[in-house]
Amino acid sequence: MRFLRCADSGLLVELADLEAVQALYAALVEAPPEGVTDLVPAARTLLLHLDPQRADVAAIEAAVRAVEPRGTAGGDGALVEVPVVYDGADLAEVAKLTGLTEREVVDRHTSAVWTVVFGGFAPGFGYLAGGPPELAVPRRVESRTKVPPGSVGLAGAFSGIYPRESPGGWQLIGRTDLEVWRVDRNPPALLRPGVRVRFQEVR
């Protein structure tokens with residue numbers, strides 16, 4: 001565990017892996033140290049937003065080091081069902097990479113309950129973990145300059161939904177009409193850390 005200051009309002013905690021981040025995040029969500037106003041998990045880090053008027057950084061570091069990580073965050077979060085048409089441009093490549101048939105890729109993707117473990121890349125983009133390990137695939141060798149909004153992809157151990165058109169290197173296996181990011185909604189992001197996701201095949 002390593003601590004890095006981020007100006008006067010942030011403290012970044014570097015951890016060994018995603019599991020360690022999720023365990024610490026779960027513990028701090030339940031009992032945040034005095035002066036911590038928000039927590040932002042990522043793949044190997046946890047950012048603590050601080051209130052500069054109240055935060056005692058040394059005390060916060062000590063409190064974080066003393067935390068007993070427990071379980072993982074989001075195991076019982078709200079469940080969002082995502083309808084997906086599985087006709088992605090990389091579905092055949094994912095089948096080849098995994099040694100599965102395209103039908104088996106879809107079945108594996110829809111059979112799991114995924115959990116949003118952190119957000120990033122673009123507003124509303126949630127990184128979903130907890131899927132079958134056999135669906136872990138590398139990013140594309142060459143990224144696309146334009147990925148349509150609603151594209152459903154895989155990269156590493158994660159699945160995700162592109163909230164808007166953007167460049168991207170994930171393996172695209174399908175698409176959804178569900179809007180995961182809307183600025184007129186509160187909160188705008190549908191897929192926030194802790195939210196569970198089940199993909200449902202539609203035709």
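Heavy-atom basis, side chains included; hydrogens, waters and symmetry copies ignored.
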L128 reachable from V137 in the ILVMFWY side-chain graph, under 4.5 Å edges:
yes
Qualifying salt bridge (charged side-chain N to carboxylate O under 4.0 Å, His left out) pairs, either residue in residues 88-100, two or more places apart
D90-R140, D90-R144
Has the side chain of Q171 got a donor or acceptor atom that lies under 3.5 Å from a matching backbone atom of P138?
yes
Distance from T45 atom OG1 to L4 atom CG, nearest 0.5 Å?
9.5 Å
Which residues satisfy the side chain to side chain contact (heavy atoms under 4.5 Å, CB included) test with D177, sequence neighbours excluded?
none
Separation between OG1 (T176) and OH (Y86), nearest 0.5 Å, reads 9.0 Å
To the nearest 0.5 Å, atom CZ of F3 lies from atom CG of L46 at 9.5 Å
Does anything in residues 150-161 form a salt bridge (charged side-chain N to carboxylate O under 4.0 Å, His left out)? List the pairs, not counting sequence neighbours.
none
Mind checking whether F158 and V117 have side chains closer than 4.5 Å, heavy atoms only?
yes
Kindly work out whether a path of hydrophobic side-chain contacts (I/L/V/M/F/W/Y, heavy atoms less than 4.5 Å apart) joins L12 to Y127.
no
Between F125 and W170, does the ring centre distance come in under 6.0 Å?
yes
May I ask you to test the V84-V82 pair for a side-chain heavy-atom distance under 4.5 Å?
yes
If a pair satisfies salt bridge (charged side-chain N to carboxylate O under 4.0 Å, His left out) and one of its residues is in residues 148-175, list it, with sequence neighbours excluded.
D87-R175
Can you tell me if Q200 uses its side chain to pair, donor with acceptor, with the backbone of E81 under 3.5 Å?
no
Report yes if some heavy atom in the side chain of L190 is under 4.5 Å from a heavy atom in the side chain of V80; otherwise report no.
yes
Nearest heavy-atom neighbours spanning P163 and G124:
CG-C, 4.0 Å
Mind checking whether V152 and L100 sit in one hydrophobic cluster, side chains of I, L, V, M, F, W, Y counted as touching below 4.5 Å?
yes
Cluster overlap V67 with V29, hydrophobic side-chain contacts below 4.5 Å:
yes
Check the angle between the aromatic planes of H109 and W114 and answer parallel, tilted or perpendicular using the 30° and 60° thresholds.
tilted
Mind listing the closest non-hydrogen atom pair of V202 and P83 along with its distance?
CG1-CB, 3.9 Å
Within the side chain of S151, is there an N or O that forms a donor-acceptor pair under 3.5 Å with the backbone of P148?
yes
The reported gap from CG in D38 to CG in D51 (rounded to nearest 0.5 angstrom) is 12.5 Å
Do V180 and V113 share a hydrophobic cluster, counting only Ile, Leu, Val, Met, Phe, Trp and Tyr and linking them when any side-chain heavy atoms are less than 4.5 Å apart?
no
Below 4.5 Å, heavy atoms only, C-beta onward: do M1 and V13 meet side chain to side chain?
yes
Give, for atom CG of L24 and atom CG of L48, the distance between the pair rounded to the nearest 0.5 Å.
7.5 Å
Could you walk me through whether L28 and V36 satisfy the side chain to side chain contact (heavy atoms under 4.5 Å, CB included) test, starting with their C-alpha distance in whole Å, then the side-chain angles of each, then the deciding distance to 0.1 Å, before giving a yes or no?
CA-CA 9 Å; L28 293 181; V36 174; over 6 Å; no
Above 12 or not: heavy atoms from other molecules or residues under 6.0 Å from CD of E142?
no
Considering only heavy atoms from C-beta outward, does the side chain of F199 approach that of I173 to under 4.5 Å?
no
Determine yes or no for a side-chain-to-main-chain donor-acceptor pair under 3.5 angstrom, with T98 supplying the side chain and L135 the backbone.
no
In short, P52 meets S9 closest at the heavy-atom pair CG-CB, 4.1 Å
Pairing residues for E34 by the salt bridge (charged side-chain N to carboxylate O under 4.0 Å, His left out) criterion, not counting sequence neighbours:
R54
Looking only at heavy atoms, which two atoms of L79 and R198 are closest? And how far apart?
CD1-N, 4.0 Å
Please collect all salt bridge (charged side-chain N to carboxylate O under 4.0 Å, His left out) contacts where either partner lies in residues 99-125, sequence neighbours excluded, each pair once.
R103-D107, R103-E201, R108-E134
What pair of heavy atoms forms the shortest contact from L47 to C6, and how long is it?
CD1-SG, 4.0 Å
Closest heavy-atom pair and its distance - S159, G153:
OG-O, 3.0 Å
Could you measure the distance from the CG atom of L15 to the CZ atom of R44? Nearest 0.5 Å is fine.
9.0 Å
